[in-house]
Structures are given as structure tokens and as C-alpha cells.
Q: 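Here it is, the structure, as C-alpha cells.
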Amino acid sequence: MANTEDVRRGLALTTRALLRDGRPWLPVSGELHYTRVPRERWTERLRLMRSGGISVVSTYVFWLHHEPVRGETRFDGRYDVAAFVDAVRAEGLEIILRIGPWAHGEMRNGGFPDWVQQMPVKHRTDDPAYLELVAEWFARLASALDGRCNPENVLGIQLDNELYDQPGHLVTLKRLAREAGLSAPLWTATAWGGADLPDPEVLPLWGGYGDGFWVDPGEPWDPTFRTHFFFSDTWDDPGIGADVRGEEAGHRAELSPWFPAATCELGGGMATAYHRRPRPDAIDIAAVAHAKLGSGSAWQGYYMYAGGTNPGPGLEETQATGYPNDMTRLSYDFHAPIGESGRMAPSHAALRLQHAFIETFGERLAPMASYLPDVRPSGVDDAETLRWAVRAEEGSGFVFIGRHQPHVPLPMYRGARLRVGTRHGTLELPSAPVDIPPGTLARWPLGLEVGGVTIDWATASAVTVLPGSASAPPTLVLIEDAGIPVEVAHDGVAGTVTPGAAAVRIDEAEGAALDVLVLPSTDAPRAWVVDAAAGGRRLFVGSGELTWDGAGRVSVRTNAAVPDVREYVDGAWHTPEWEHVDSAAAAAGPTRPDAPRGPSGPPQPEAPLDAPAPRGRGVGAVPLSLIREATSPSGDYGSRDGRQAAPDDAVVDAHAGVYRLEVPEGLDDDAVLRVRWAGDVAQLRVDGVTATDRFWDGSELVANLRDIGVGPGASVELHILPLRRDTGVHLPEDAAARLAASADGLCELDDARIDQRALWREIR
């Protein structure tokens, strides 16, 4: 463990993997900041994280949020860190507390309160005056946690963040935390940037983003981003935080001999700075995670996995507070799998089946080494060579193929046939060469034993294994990789399998049997693997948003008339029974147990954009009125080191186009406002106060109406500042093209809609 003091029974750590009760465990962690999410939303966000395959929740503990004035701490409401720990543990999830004291998180002063930042001390060092401040803060935090931060309850504690050349200081912080009463079996630190860490005091955690805001606006796609779309034995990312640390650097950029390769900051999305506005697609996010998994990751950790909103204005990182970047004042949506509004982004689905694979096969996968082929890409500009790797042990494992990167599309790879040497001989697959289409992220099984039956290999990605029953054997679930014929080889014979057809039964002479079910690739965004201890592992395919409680009971949120969801049980698809559980849905649809359910029910069509906003389930337009025409701003709001500064409220107040949105009353607490717009900066104001904001990158502004304070009689206005054609800020390609096609800049409100869904619970 590299930690003999704070031991949890049954938890161990080797150079390959974490162990729970002697069995390898491959955690999947996702970042959620409790102070950026309303307290009443914590449980639903946590259930969405769990339904996406997250097993560990990580969170920064921002000193700035809790103690803005020295000695005046707040640990109530959304600041109640103890209640958040309880909420996480109540959902059966582990938790990592990233206690800093310096955190970053696109926060002013890196999360230091102003009074700490202004102290005449040597920050983030063993200066006794600074350590006195830290000891006071840790003591207050420990008091608020009231004994909850112990090895049985908290999986890990991260010390500081992105500290590159102070290994002794990390040891001191560990001592101070323990003296305050904070302890956990794992103590961690971020390792990127060549950080010099104190082996073996902390577990090094790595990161990887496919794009980032911290690059200058005129720079092309940086090599530090491009490398994450390759299988590799290199884990450092010298780009993360480079804009903040400047020339400062550590000494080590390779894996520690003490610990496995583990991550805490794979890009679950990306924040938007004023000067540079990357907008990763779902497959971009999934491709980076896939590459790390194939490269030998023993821990998949995402930043962010659930976005949020700063708990007040003036808390964000800005050029005025010493940073090179201006961030949005309130929104911290991060383009995360769960957005600021609590709605899922497409990346939730893109990662979900990867995580189902990890949950099912992680025990086997975690200790497996990663092997790279003899012929590898020559560098980040090599778009031709096939990118693949194998994780295997004793002739059993998985082939990983990655054929995606953003910005510079990859061509079709022609005529792939892979040779994998094992101690039992050489495997060749598929039976004949195949073309690998762009966008392929494959996890093909090799020598995979399930239920006494061994699959030699298959050319479809492994997803999960469903338990057998008295009437059916276990089911190995695979999913088609689009455009690649599916073959399953057993006992030296390969056979073609049609995706979407009935499961193929494989019988062994000794009496063992296995069903192999291949889902069509079109089911990937609609597939859910429920792995609740009380309910067992289950497979669903359908539209809507699935979550489940501790008893394993599944719920669906959907704006369809009835849930369009099927479950695979004992070799056949079945339609579960559902009941409404919220008043809005009850008013809009059937509630009797014998009412029509499942895929036989007609879907609820999206309302025309000129239809009134719905009071129940569905999507409808919000009536708009222009209050004030926009005027052209100067576009020059200052800069730092060649990066444009964001306009302040005075500029927005002087030049923004202002629209009134007629939001109806009586909406349920799940209702969100979706705004399609184009411009520079948007502020959504409720009763004259900005509730959330965006820098335009071509994406929608999505806000939960209750969370932004829209109540009966509220005045809701959207302020859009024009974006000049000569702006110079970096935009995604489609947004840049729209700006270039404009006559003299952009200030457009395309439409605004309200989206409401019904909540249904499984009848069991």
C-alpha cells in the first residue's frame, strides 16, 4: 500500500492493480464538485454517475468556498461536505477527497481564499507561517467531516494539485492532514508535468485531455493533446497546467516502480475559456479513455464527469486574478457526460459500455500487462499505421483497436488481420482481412472463458456477461463495431454472427454452455447495463435516461408517451412494466398498471418550434420578445500574454441584445430550458440577476429552470453580446464557419425550448 498507517481491511495495492478482498479491482472515478451542484440534486447526480459506470466519486474541497473570511467557515447547504460524503456512500460509491489546500479547478487563486492568497507567506511550501494556515484549515475541515474521513469510509485523499517540485511538502501535508484527523487508505498526488513525487508516500495519478483551453488562441491542435489518441507506454502529459506553471517543471515523467498506471483526469469534457473554446465530441472523449485502457490503465478517472455552477459570481479563474485565462463567471458545464443542468450529454452513452466492460472484466483486466505491436505509428502525424494494443495474461485478454482522433480525421484502414503471439501459440484474427472504419473503438476478446466455455476470439467488442438461470446459460454480450463483420471463434472454428439476431448457443462436450448475444452498433447509445447488488446484472436497450436505487429498481426519465425500453432475460427480449411517479407525468399519460407500456406505445414527437411550451411531458417553444437590439462592441476588452480578456458586465449591459423569455408556470423540477444561439457571451438572467452564462462555441445553453431560480412570476431574460468577425478567439470549426459567413458578426437567438420528461419506475 505504501501506507502502513491508514489501512482498510481487504484493500491492497500492487505494482499492477488495486485489490479488494484479494481480487483485482479496476476503479472508474468521476469528478463532481458538491459546491457547484444544488444539495437537493446530489443523489440524482450520483445515480446518473452510477448508471454511467462510475464506481468512485472524486471531488475538490475548495477552501475558497468554505472559508472566504478567516475563521468564518460554512459547511451548510451545498457546502455540507459531510452530508455529501454520506450521500456518496449511501449510493454504494467510493469517494476521493481532493483537499488541496491548492486545488485549481478553474477557481480564483486555485481555490485559496483571498485572505490566504494575500498572506506574506511562501505558499505551497514548508514555510511555517503557511503551514500554520493549512493546519487551521485542515482542522476545520476535519471537524466538519466529524470522523467520516477515515479509511473505512473514504477511499483516498489527494494532497494539493499539480505540485511539481515540492515532494517534501506533500509529505508534510500528509502529516498535517493525519494530525487533524483526516485519513484514508490511499494518499494520491497528480503526476503530470514531470512532477517530482515522494515515493512511496503517494500514489501518482495521471491525466490526458484530447483538447484544452490552456493553449494560445492561434495555436493548432497541440501534440500534447494528439498523443492521447495512441496506445503508448508513456503516461505523462506535459501540457496540463503548463500555462499556470510556466517554466517550472519536475523531474520524473515515467511510471513509479511502486505503483500501477492510474489516472484521475482523463478529459470527461473540457472547460471553455474566453480566448479558446474547444468543444469535444462524445467519441473524442471515449477515444482517449479507450486508448488509456488499452495502454494498461489500472484506474480510469475522469475530470469532469458531472458539471455544475459556481456558487456565486467572482469565484472563477480570471486574468485579473493572475491567470492567463478568463473563464465563465458561473457556468462550469465542462461539456461533461452529465451537464450543468443535470441532463446527460452523448458522452455518457459513449463511455457507458466501456465502463460496463470494466465492471464485468476489470478483475481480469486490471493485472494484465499491455503489449504494443512491433509496427507502431511513427509519431502523432502518422494517420496510416493501425493503432492497436493487447492486454493479456496466460493467453487470455483483449485486443484494443483505436481508429479515431478529432481535427485530423483518420482514413479507413484497409485489410487488417492481426497476429497475436501467446504461450499457447499464435492467434490470427479475423479469418480474413477486414477494413477498419474511422471511429472504431474495439475491445475484442481473446481466449475468454465464461461459464466453462472459452471463446478463442471475436471481432465484436465485449460489453458484459449476464448471469445464467435454471432455463438458460450465462450470456456473453458483445456489440458490433460498425462496418466490421462479426465473427466468433470457438474450438478453432470461426463462425459469422448477425448482430441483432437471437443469441448463439455454444455447447462444450463436458456439458458447459454459453449464449453469445451480439447487439447491433446502432444500439450502443441506447444500451444500459444495470449492476445493482440487490438486483443482479441486467441488460436494457431503450431511449430515455435509466437510473436505479439501492434495491436495484430501475427508473426511466423520458419525454416519450411511455418508456421505450426492453430487457434481455433468459434468451429473449421482454418489455418491463412501469408506473408513473411524478405529477407532471401522471397528468400527461396513463397510470394504470394495465395501461400500454414499452415499445408498443407511440413515442411523443417533438413539438413544432412555434408550439407553446409544455406544462407536462415533451418539448415545446418558448415565446420570445426582443427587448433591445444589440449594438456592436469594440471587441477589445484587454488581454494578457496574447490571450483575449472577456468583456465585463458593463460591456454586456451596453451592447447585448436582450430577449424576454415567457416561461410558463407549473413546470416540474426536471424541466430544462434549451437555447440555440450564436454570439460572444450569453447571460441568462432571472429577475435581473445572472443565473448562468456561456461563451459561445456552437453548443446549446441548457439550464434547469428550478436550479436557476425560475419561480412563479419570475422575469427571465437572455442577454447576447455580439461576436465580431475580427475577434481572434479560437472556435470549433463549425462555429468558426458560421462566424465567417456572417455579414458583420453574430448576435442571433435561433430558438428557445422547454424540455420536460416523465419519471417512470419499474413495477416488480
Side-chain angles (χ1 to χ4, degrees), residues 208 210 221 223 225-235 261 266 281 283-297 350 353-354 357 365 368-392 395-422 425-448 455-462 478-489 494 496 499 521 524:
W221 190 34
F225 302 134
R226 298 170 72 124
T227 58
H228 297 300
F229 296 91
F230 293 79
F231 301 103
S232 171
D233 53 10
T234 299
W235 287 85
L266 301 180
D281 289 336
I283 192 172
D284 303 339
I285 294 165
V288 170
H290 178 78
K292 298 303 181 187
L293 194 59
S295 298
S297 173
L353 295 190
Q354 279 192 39
F357 164 76
L365 188 69
M368 289 177 175
S370 175
Y371 301 91
L372 301 176
D374 294 334
V375 178
R376 309 176 196 174
S378 58
V380 295
D381 295 320
D382 187 342
E384 302 299 328
T385 306
L386 187 63
R387 304 173 187 181
W388 67 291
V390 174
R391 287 187 73 169
S396 177
F398 301 91
V399 171
F400 291 82
I401 301 173
R403 197 70 186 156
H404 174 78
Q405 64 183 24
H407 306 305
V408 183
L410 300 177
M412 178 83 74
Y413 184 85
R414 302 290 183 182
R417 192 161 190 241
L418 312 179
R419 294 170 56 90
V420 181
T422 76
T426 299
L427 290 174
E428 296 190 42
L429 66 155
S431 59
V434 297
D435 296 339
I436 307 293
T440 299
L441 302 177
R443 306 175 300 272
W444 293 351
L446 293 175
L448 181 63
I455 301 297
D456 297 343
W457 52 264
T459 56
S461 288
L478 308 175
I479 191 159
E480 171 195 29
D481 294 301
I484 299 176
V486 177
E487 290 186 291
V488 176
T496 301
S521 59

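Below, each value reflects all heavy atoms present in this structure, side chains not excepted, and no hydrogens, waters or symmetry copies.
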Q: Per the salt bridge (Lys or Arg N to Asp or Glu O under 4.0 Å) rule, what does the pair list look like for residues 397-419, sequence neighbours excluded?
A: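 Sorted pair list: Arg414-Asp435, Arg417-Glu428, Arg419-Glu428.
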
Q: Would you call Ser378 and Thr385 a side-chain contact if the rule is heavy atoms closer than 4.5 Å?
A: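 No, side chains not in contact.
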
Q: Trp388 versus Val420: any side-chain heavy-atom pair under 4.5 Å?
A: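 They are in contact (side-chain heavy atoms under 4.5 Å apart), so the answer is yes.
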
Q: Has the side chain of Trp457 got a donor or acceptor atom that lies under 3.5 Å from a matching backbone atom of Ala494?
A: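 Between the backbone of Ala494 and the side chain of Trp457 there is no qualifying donor-acceptor contact (under 3.5 Å).
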
Q: For the atom pair CG (Leu410) and CG (Asp382), what is the distance rounded to the nearest 0.5 Å?
A: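 Here the interatomic distance stands at 9.5 Å.
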
Q: Applying the side chain to side chain contact (heavy atoms under 4.5 Å, CB included) test to Leu446, which of Asp456, Ile455, Leu429, Thr422 qualifies?
A: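 Answer to the side chain to side chain contact (heavy atoms under 4.5 Å, CB included) test with Leu446 among Asp456, Ile455, Leu429, Thr422: Leu429.
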
Q: Do you know the tightest heavy-atom contact between Pro430 and Glu487?
A: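 Closest pair (atom of Pro430, atom of Glu487, distance): CB-OE1, 3.1 Å.
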
Q: Under the 3.5 angstrom rule, does the side chain of Thr426 hit a backbone N or O of Gly421 as a donor-acceptor pair?
A: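 Not at all, since once roles are kept as given, no pair shorter than 3.5 Å links the two residues.
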
Q: Please report the closest heavy-atom contact between Leu478 and Ala458, naming both atoms and the distance.
A: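 Taking Leu478 first and Ala458 second, the nearest heavy atoms are CD1-CB, 4.0 Å.
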
Q: Could you state the interatomic distance from CG (Leu418) to CD1 (Ile436), rounded to the nearest 0.5 Å?
A: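 If I round to the nearest 0.5 Å, the distance is 7.0 Å.
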
Q: What closest approach, in Å, do Ala392 and Tyr371 show between heavy atoms, and which atom pair accounts for it?
A: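 Looks like O-CE1, 3.6 Å.
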
Q: How long is the gap from CD1 on Ile484 to OG1 on Thr440, to the nearest 0.5 Å?
A: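 Spacing of CD1 (Ile484) from OG1 (Thr440) equals 4.0 Å.
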
Q: In chain order, what residues pass the side chain to side chain contact (heavy atoms under 4.5 Å, CB included) check against His290, with sequence neighbours excluded?
A: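 For His290 the side chain to side chain contact (heavy atoms under 4.5 Å, CB included) partners, ignoring immediate neighbours, are Phe231, Gln354, Phe400, Leu441, Arg443.
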
Q: Any donor-acceptor pair under 3.5 Å linking the side chain of Ser370 with the backbone of Gly294?
A: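 The answer is yes, because a donor-acceptor pair under 3.5 Å joins these two groups.
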
Q: Determine the minimum heavy-atom distance between Gly439 and Ile283, stating which atoms define it.
A: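 So the minimum-distance heavy-atom pair works out to O-CD1, 3.5 Å.
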
Q: Could you pull out the closest heavy-atom pair between Thr459 and Trp444, with the gap in Å?
A: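 Closest approach of Thr459 to Trp444, heavy atoms only: C-NE1, 3.5 Å.
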
Q: Please answer whether the main-chain N or O of Phe229 pairs with a side-chain N or O of Arg387 as donor and acceptor at a distance below 3.5 Å.
A: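 Side chain of Arg387 to backbone of Phe229, a donor-acceptor pair under 3.5 Å: yes, one is there.
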
Q: Do side-chain atoms of Ser232 reach the backbone of Thr234 as a donor and acceptor pair under 3.5 angstrom?
A: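 Checking the backbone N and O of Thr234 against the side chain of Ser232, a donor-acceptor pair under 3.5 Å is found.
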
Q: Can you find a heavy atom in the side chain of Asp481 that is under 4.5 Å from one in the side chain of Ile401?
A: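 SC-SC contact between Asp481 and Ile401 ruled out.
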
Q: A side-chain contact here means heavy atoms from C-beta on lying under 4.5 Å apart; do His407 and Phe225 qualify?
A: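 When only atoms from C-beta onward are counted, Phe225 and His407 do not touch, as no gap falls below 4.5 Å.
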
Q: Check whether Arg391 reaches the backbone of Leu293 with its side chain - one donor and one acceptor, N or O, closer than 3.5 Å.
A: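 Yes, Arg391 side chain to Leu293 backbone: donor-acceptor pair under 3.5 Å.
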
Q: Can you name the nearest heavy-atom pair linking Ser521 to Ile479, along with the distance?
A: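 Between these two residues, the closest heavy atoms are CA-CG1, 4.3 Å.
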
Q: Can you check whether Phe398 reaches Ser461 side chain to side chain, under 4.5 Å on heavy atoms?
A: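 Contact flag for Phe398/Ser461 side chains = no.
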
